[in-house]
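See structure below.
Convention: sequence-line order gives letters A, B, ...; per-chain numbering from 1.
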2 protein chains.
Amino acid sequence: MSLKHGLLGLLEYGDMTGYELCKVFNDSLAFFWQATTSQVYRELSAMEKKGWLCSGEVIQSGKPNKKVYGITDEGRSELTQWLARDLKKSDVETRSAFLMKIFLSGRTDPRQAIENLRAFRDIHVQELSKLEKSSAIDTYGQDMKDNLIPLFWGLTARFGSEYYRMCIAWADESIRILTEVSQ
Amino acid sequence: MSLKHGLLGLLEYGDMTGYELCKVFNDSLAFFWQATTSQVYRELSAMEKKGWLCSGEVIQSGKPNKKVYGITDEGRSELTQWLARDLKKSDVETRSAFLMKIFLSGRTDPRQAIENLRAFRDIHVQELSKLEKSSAIDTYGQDMKDNLIPLFWGLTARFGSEYYRMCIAWADESIRILTEVSQ
DNA sequence: TGGGTCATGTAACCTGTTACATGATTAG
DNA sequence: CTAATCATGTAACAGGTTACATGACCCA
């Protein structure tokens, strides 16, 4: 249920539209969670039905009207309970289609695996620089002692950048090994 | 479609039952892909309908009968095509409910976050030692130059152990930061 | 005139989770 | 005697993906 709770958490910082929530996911949380617009809109209406959110329409001129969502007390208590739940193994498990491909690459030309590794490396180099730019902006001028929000954002962002660095180093080493073996 | 292709890939090494495939997933691939029995059985019958697999029953005495699956030529060509497809960004994206929790922990007692971090750390310490044990067994005595399969298994396993190490170091550092801030 | 941003969604489909169901054998 | 292992699945539900649909405004 992480998407629902992620949306609840973001709405605690202020009311937002589905469109704005999508942007936050794609701009700031993309390295540990992705969400498409269709999914976000679906989850928002499901959560409104449950009573976790309420919404109001904002009439705009020159632009389409907005549907702004806000968190209710029920939503807040649901979020609190979710945060307090003990960590399960499934909360930390991840899946990677990429590693599946590498794992099965023994039956094809190693050059294909090298190409995949290079693409993997390039994606992570790009993501790392994106993340470092956004981290610099988001924590700029924030006082860590007064507000715990940028502190926790910083922890997750540091996870992201260390993960990307590890991926890049691993890919480089793997490319080196495969290049050596395949001559 | 990684689960389907993962199953195809495993069946290339030899015919297996659904039960055995589940065990391989849970014992060897768990650090980058998880699959439950219900999912595996469903995918196997779907793939048989598509013509990627064929099956035969093996009668056993004292034990329940087995349904052994084997890969067909169609299945093999599907796997080859999948391996040759260009890497998309979604192939490398991962999701983590745990990081979502940490990200949203600014609104609760930091001690809860510390507890979650400790649980995260412990799980990864455990997984690392499991993985290192199985890596030692699986590559023992294999000749890397003759057979590329253990080579690629080694690459993914190295990814796993480096990932776990990174997680443990990050958790330790995060616990340190939070402990300092929360006194 | 074409592409990007703002803003909303629906529908169909595929994939993953949880709970349930059965039943024999073997090891401690 | 009880728990684990072998071996199969079904059903319902939750979550994620892909494709489609609309329409106005702004900037180059």
Side-chain angles (χ1 to χ4, degrees), chain A residues 1-8 15-27 29-30 32-50 52 55-69 78 82 88-97 100, chain B residues 1-8 15-27 29-30 32-50 52 55-69 82 88-91 93-97 100:
Chain A
M1 299 262 272
S2 301
L3 176 54
K4 281 191 179 68
H5 295 97
L7 293 169
L8 281 177
D15 294 356
M16 271 189 270
T17 65
Y19 188 79
E20 289 167 324
L21 287 161
C22 285
K23 275 208 300 179
V24 176
F25 265 87
N26 297 324
D27 296 350
L29 315 185
F32 67 82
W33 206 277
Q34 304 84 43
T36 57
T37 53
S38 48
Q39 214 190 336
V40 169
Y41 285 117
R42 185 176 55 186
E43 295 300 326
L44 287 173
S45 37
M47 288 161 83
E48 196 178 7
K49 260 178 215 153
K50 285 192 189 210
W52 297 357
S55 69
E57 213 174 348
V58 174
I59 283 94
Q60 299 188 122
S61 56
K63 285 178 188 178
N65 293 343
K66 286 178 179 187
K67 198 173 178 183
V68 180
Y69 285 92
E78 172 58 36
W82 183 73
K88 279 175 286 175
K89 226 186 131 187
S90 62
D91 294 327
V92 308
E93 282 169 347
T94 56
R95 285 173 222 259
S96 166
M100 187 72 90
Chain B
M1 300 262 272
S2 301
L3 176 54
K4 280 191 178 69
H5 295 97
L7 294 169
L8 281 177
D15 294 357
M16 272 189 268
T17 66
Y19 187 79
E20 289 167 324
L21 286 161
C22 285
K23 275 208 300 182
V24 176
F25 266 87
N26 297 324
D27 296 350
L29 315 184
F32 67 82
W33 208 277
Q34 305 84 43
T36 56
T37 53
S38 48
Q39 213 189 337
V40 168
Y41 285 116
R42 185 176 55 185
E43 294 300 324
L44 287 173
S45 37
M47 287 160 83
E48 196 179 8
K49 260 178 215 153
K50 284 193 190 209
W52 298 357
S55 69
E57 212 172 351
V58 174
I59 283 94
Q60 299 188 121
S61 57
K63 287 179 188 178
N65 293 344
K66 286 180 180 187
K67 197 173 178 182
V68 180
Y69 285 92
W82 183 73
K88 280 176 285 175
K89 226 186 129 186
S90 61
D91 293 328
E93 283 170 347
T94 54
R95 285 171 223 258
S96 166
M100 187 72 91

B/Glu48: what forms a side chain to side chain donor-acceptor pair (under 3.5 Å) with it, not counting sequence neighbours?
B/Ser55
Partner set under side-chain contact (heavy atoms from CB on, under 4.5 Å) for B/Ser45, not counting sequence neighbours
none
Check the distance between C/dT8's C1' and A/Leu21's CG and give it to me in whole angstrom.
14 Å
Can you check the B/Met47 CE to C/dC14 P distance for me, whole Å?
14 Å
Return the value, rounded to whole Å, for the distance between atom NE2 of B/His5 and atom C1' of C/dT15.
14 Å
Using a 4.0 Å cut-off on protein heavy atoms (strictly under), produce a 5'-to-3' string for nucleotides 10-16 of chain D with B for base contact, S for backbone-only sugar-phosphate contact, and - for none.
BB---SB
Rounded at 0.5 Å granularity, tell me how far CE in A/Met100 sits from CG in B/Leu29.
6.0 Å
Please list, chain by chain and in numerical order, all residues satisfying salt bridge (Lys or Arg N to Asp or Glu O under 4.0 Å) with B/Glu93, sequence neighbours excluded.
none
Return whichever of A/Ala35 or B/Lys67 has its heavy-atom-nearest nucleotide of DNA chain D closer to the 5' end.
B/Lys67
Chi angles and distances behind the side-chain contact (heavy atoms from CB on, under 4.5 Å) call for B/Leu44, B/Lys67:
CA-CA 11 Å; B/Leu44 287 173; B/Lys67 197 173 178 182; over 6 Å; no
Measure the distance from CG on B/Asp27 to C1' on D/dC6 and round it to the nearest whole Å.
14 Å
With B/Lys23, which residues qualify under side chain to side chain donor-acceptor pair (under 3.5 Å), at least two apart?
none
Rounded distance in Å - NZ (A/Lys89) to P (C/dT18)
14 Å
With sequence neighbours excluded, tell me which residues meet salt bridge (Lys or Arg N to Asp or Glu O under 4.0 Å) with B/Lys89.
A/Glu127
Could you check how far CG of B/Leu44 sits from P of C/dC14, rounded to whole Å?
17 Å
Any residue meeting side chain to side chain donor-acceptor pair (under 3.5 Å) with B/Thr17, in chain and number order, not counting sequence neighbours
B/Glu20
Quick one: A/Asp91 CG to C/dT17 P, roughly how many Å, whole number?
12 Å
Distance, rounded to the nearest Å, where B/Phe32 contributes CZ and C/dG16 contributes P:
13 Å
For B/Lys4, the side chain to side chain donor-acceptor pair (under 3.5 Å) test, sequence neighbours excluded, returns B/Glu43
Note the angle between the end axes of the helix from C/dT1-D/dA28 to C/dG28-D/dC1, five pairs defining each, rounded to 10 degrees.
50°
